[in-house]
Amino acid sequence: MNILDIIAKKRDKRELTKEEINFFINEYISGSVTDYQAAALIMAIYINGMNERETTDLTLAMAYSGDILDLSDLGDVIDKHSTGGVGDKITLILMPIIASLGIPVAKMSGRGLGFTGGTIDKLESIPGYNTNISVEQFKENVKKIGISLIGQTLNLAPADKKIYSLRDTISCTESIPLIASSIMSKKIASGANKIVIDVTCGSGAFMKNINDARKLADIMTKIGELSNRKVKCVITGMDEPVGYAVGNILEVKEAIDVLKNKYIPQDVEKIITLLGSNMLILANKAKNAKEGEDMILENLHNGKAYQKFIELVQNQGGDISYIEDTDKFEKAKFIIPIKANKQGKIMRLDALTIGKLAGFLGAGRIRKEDNIDKKVGFVFEKKVNDIVKQDEIIGYIHSDDEEKANYVLNRTKDFLEIV
Ligand code: URA
């Protein structure tokens, strides 16, 4: 077997065998297959696709390319994953709710890349919060307080790490078999047997239309079945940012406000009840969606989820005075209002453009090693379908650089449409 024949086969639209897929992954990890050969094969997969069997074989080969975490001693761990988006702070809100209902939460999250944000960058906005702890400590935390949220510190699915970085540099991110295998390989390696996946759909997501989102959901559910994991996919909209805030500290503050019941954006409530009720059904804690939704909202409203979040932050070394008083978080130097240029109804607050502009302000990375500015981003006051008066404030740009803030302000028409 050799890599040139494998590349040629996929280039010519033929199906790869399990042995050929395993060969590619093993030889790429060992360094015998070069980055340019892997790039050629990945591009051929991007263009010509993979069937379900090939995608499952690719997923398993990537999952078993490193360590497989055993969480069986923690009980019935239910994981949650999102395919990515703009303003997506759902993990920070939902996981403390789930833990407060007595379901162990042992979750590893990623960093943001491109226009999408990452939970780990958000958690690290809390001074002292340590996302980089050993597996033993991770499990200890879950046993002690029922929740731990950390980064991907272990040697989990290293083939995905290599392929994910490569895809990013050769414009091959938006591919259903590549996304499905990337997500599912990490989920299989991180030890969860039951997983709820939020397949985001819209301008600020990898899947831009509902047909592609359904295809991605179907293939991930199928991979779950074939690998003995229970996977439930739900599809949620990502045409406008989730909630009102976009940017690391700004999103953490919004998540804390929600946990404190200061306000709960309608879309946030919809997503946490949808994902949460499915998690409770998978955990055999709720009999149906209605019962699950009620349980989620009860522990959000009665403050138990907020208390669990405080415990989580304290247990991982974070300074809880920032949670108690979110005014303590660092602020950007310039906070500039975005005003409505006319009276009417907001028809568009485009998530993709807002995500890219937040990245331009410093909230995101172009390359994995880039530093980010945790303070910057947007805080909106309005959502799509809201009625506004001329000159009413739509939201604020948070920036440390006045020139950048003005550039973003001048691009308002690219993300905001009032009719
Ligand atoms: N999230 C992942 O982990 N991988 C992808 O390819 C896309 C989103």
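Keep in mind that the numbers below use all heavy atoms, side chains included, and drop hydrogens, waters and symmetry copies. Every number for a ligand or one of its atoms is a count from 1 in the order of the listing. Because the structure is predicted, anything quoted here is derived from the model rather than measured.
- For Arg348, the side chain to side chain contact (heavy atoms under 4.5 Å, CB included) partners two or more places apart in sequence, or in a different chain, are Asp350, Glu417.
- In this structure, Lys186 is positioned above the aromatic face of Tyr164, its NZ or CZ under 6.0 Å from the six-membered ring centre and within 45° of the axis.
- Partners of Leu250 under the side chain to side chain contact (heavy atoms under 4.5 Å, CB included) rule, at least two apart in sequence or in another chain, are Ala245, Val379, His398.
- Evaluation of the side chain to side chain contact (heavy atoms under 4.5 Å, CB included) rule for Leu274 yields Val234, Thr236, Asn278 as partners, not counting sequence neighbours.
- For ligand 1, the protein residues within 4.0 angstrom (heavy atoms only) are Thr83, Tyr164, Arg167, Ile179, Ser182, Ile183, Lys186, Phe206.
- The environment of Lys328 atom NZ is dense: over 12 non-hydrogen atoms of other residues, nucleotides or ligands sit within 6.0 angstrom.
- With Lys374 as the partner, the side chain to side chain contact (heavy atoms under 4.5 Å, CB included) test is satisfied by one option alone out of Glu124, Glu330, Glu251: Glu124.
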